[in-house]
Number of protein chains: 2
Amino acid sequence: MSPSSDRRCAPQAEDLVDALVQTSFAIMAALTRVAAENDLSLTQLRVLAILADRRLRMTALADFLGLEKSTMSGLVDRAEKRGLMQRTPSVDDGRAVDAFLTSAGRELVAKGRADVALSLTPLMERLTSTEQRRLQDLLERLLGEPAL
Amino acid sequence: MSPSSDRRCAPQAEDLVDALVQTSFAIMAALTRVAAENDLSLTQLRVLAILADRRLRMTALADFLGLEKSTMSGLVDRAEKRGLMQRTPSVDDGRAVDAFLTSAGRELVAKGRADVALSLTPLMERLTSTEQRRLQDLLERLLGEPAL
DNA sequence: TATTGTTATACTCTATAACTATA
DNA sequence: TATAGTTATAGAGTATAACAATA
């Protein structure tokens, strides 16, 4: 169990895991705080962000978020009740339903995005512009090849 | 509303925000999956990880996680019921309660940490060793000065 | 009086299973 | 028969408020 015992992975890989995980928790805390300040849960803010520039079927939205379609029904129910989203039957498929933002929803997600950027600025300013670009590049490569 | 309209922040800062947020959601998804594979919620796994090498009072644990103490009571109740944690009255302060892991809890968190590292390895392998070190350094600086 | 923790309550998030309607 | 979505149900996570015990 000692840190110097043999491992499957190189030691510095473990430290990178820790850095990634701790950074992610810090980012999630910031997002959760911004969401709460706008009377949203983190999941609701995420739904609004995904729908900011497109309309999606319930199943596509659920897949995007990694949630069950029944979970999606509840999320959209509550957002619709608050006037942030709407549903319409799909014209292509009588079974399907498209979800999209109302103007109130679009306004809220725009404010949310701006608040998130403001909230993360103090963190990002710990790095120089060059380092910020380098970090962005490394993260994009970690996520997968950027939109080919 | 156009992407090229004037902003408070430099354009590339917005892209770094997106990269940080998207990376964080990807990491959280991996952590949530690992937790679920071990019959834990993400929060439970996090509690176990925090207590892996220390014992903390309920309030300290709640502060660590950014949760209310009443939320902490429920989380510890359920973990205790599963034999992963224990509570004992503090010797220093008759009002306080110390929380700590059982041996089953320590075993589970060790497996969880290993699973997380394995789960993130494919992502990290998209970068060279040098890049991994650079990324780790940048993230640690983003989080704040590393333990002085 | 202030602090530590628990309990009561309510709401959101989440999944599973059963169901309806359409393909 | 298979797919899209909703509803019913249950449990976890979360916060607020009220409470007991201790400092």
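Below, read A as the first sequence line, B as the second, and so on, with proteins coming before strands; counting in each chain starts at 1.
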**Request:** Describe the nucleic acid contact of A/Thr71 in one word from base, sugar-phosphate, nothing, applying a heavy-atom distance below 4.0 Å.
**Result:**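 Since a base atom lies under 4.0 Å of A/Thr71, the category is base.
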
**Request:** May I ask you to say what B/Ser70 touches in the nucleic acid, namely base, sugar-phosphate or nothing, with a heavy-atom cut-off under 4.0 Å?
**Result:**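 Base: the residue B/Ser70, judged by heavy atoms under 4.0 Å, touches a nucleobase.
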
**Asked** By a strict heavy-atom criterion of less than 4.0 Å, which residues belonging to residues 73-83 of chain B are in contact with DNA chain D?
**Response**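 Hits under 4.0 Å, by residue number: B/Leu75, B/Arg78.
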
**Request:** Would you jot down, in residue-number order, the residues of residues 27-37 of chain A having a non-hydrogen atom under 4.0 Å from DNA chain D?
**Result:**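 Nucleic-acid contacts, sorted: none.
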
In whole Å, I'd like the distance from the [atom1] atom of [X] to the [atom2] atom of [N].
| X | N | atom1 | atom2 | answer |
| --- | --- | --- | --- | --- |
| B/Leu67 | D/dA12 | CG | P | 17 Å |
| B/Glu68 | D/dA18 | CD | C1' | 14 Å |
| A/Leu42 | C/dT14 | CG | P | 9 Å |
| A/Leu65 | C/dT12 | CG | C1' | 15 Å |
| B/Leu40 | D/dG11 | CG | C1' | 15 Å |
| A/Met72 | D/dT3 | CE | P | 21 Å |
| A/Asp98 | D/dT6 | CG | P | 11 Å |

Sequence neighbours left out, what passes salt bridge (Lys or Arg N to Asp or Glu O under 4.0 Å) with [X]? Give chain and number order.
| X | value |
| --- | --- |
| A/Glu80 | A/Arg87 |
| B/Lys111 | B/Asp115 |
| A/Glu131 | B/Arg141 |

**Message:** Does the protein touch nucleotides 18-23 of chain C at the base, only the backbone, or not at all? Give it as B, S and - per nucleotide, heavy atoms under 4.0 Å.
**Reply:** ---BBS

Once side chain to side chain contact (heavy atoms under 4.5 Å, CB included) is applied, do any residues pair with [X], and if so which ones, sequence neighbours excluded?
| X | answer |
| --- | --- |
| B/Ala35 | B/Leu40, B/Leu45 |
| B/Ser24 | A/Ser24, A/Ile27, A/Met28 |
| A/Ala99 | A/Leu51, A/Met58, A/Leu61, A/Met85 |
| A/Ser41 | A/Thr43, A/Gln44 |

**Message:** Could you tell me if the side chain of B/Thr23 sits less than 4.5 Å from the side chain of A/Glu140, heavy atoms only?
**Reply:**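 With C-beta onward as the side chain, the pair stays apart.
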
**Pair A/Asp63 + A/Arg57, salt bridge at N-O below 4.0 Å** =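 Result for this pair is no, no salt bridge flagged.
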
**Request:** Measure from NZ or CZ of B/Arg54 to the centre of the six-membered ring of B/Phe100 and say whether it is under 6.0 Å with the direction within 45° of the ring axis.
**Result:**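 That pair does not qualify as a cation-pi contact.
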
**Asked** If you draw a 6.0 Å radius around CZ in B/Arg46, do more than 12 non-hydrogen atoms from other residues or ligands fall strictly inside?
**Response**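 Atom CZ in B/Arg46 is crowded, with more than 12 foreign heavy atoms closer than 6.0 Å.
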
**Request:** Kindly indicate, with the supporting measurements, whether the criterion side chain to side chain donor-acceptor pair (under 3.5 Å) is fulfilled by A/Gln132 and A/Gln136.
**Result:** CA-CA 6 Å; A/Gln132 288 180 19; A/Gln136 182 190 329; over 6 Å; no

**Request:** Could you identify which residues of residues 44-61 of chain B place a heavy atom less than 4.0 Å from some atom of DNA chain C, listed by residue number, or say none?
**Result:**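 Hits under 4.0 Å, by residue number: B/Arg57, B/Met58, B/Thr59.
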
**Request:** Would you check if the side chain of B/Arg113 reaches a backbone N or O of B/Ala49 as a donor-acceptor pair within less than 3.5 Å?
**Result:**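 Not a single qualifying donor-acceptor pair exists.
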
**Item:** Listed once per pair and sorted, the side-chain hydrogen bond (donor to acceptor under 3.5 Å, both in side chains) pairs that draw on residues 92-103 of chain A, sequence neighbours left out
**Value:**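 Every side-chain hydrogen bond (donor to acceptor under 3.5 Å, both in side chains) pair that includes a residue of residues 92-103 of chain A, provided the two are not neighbours, is A/Asp93-A/Arg95.
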
**Prompt:** Can you tell me if the side-chain N/O atoms of B/Ser41 get under 4.0 Å from OP1 or OP2 in D/dG13?
**Reply:**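 Answer is yes, contact under 4.0 Å.
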
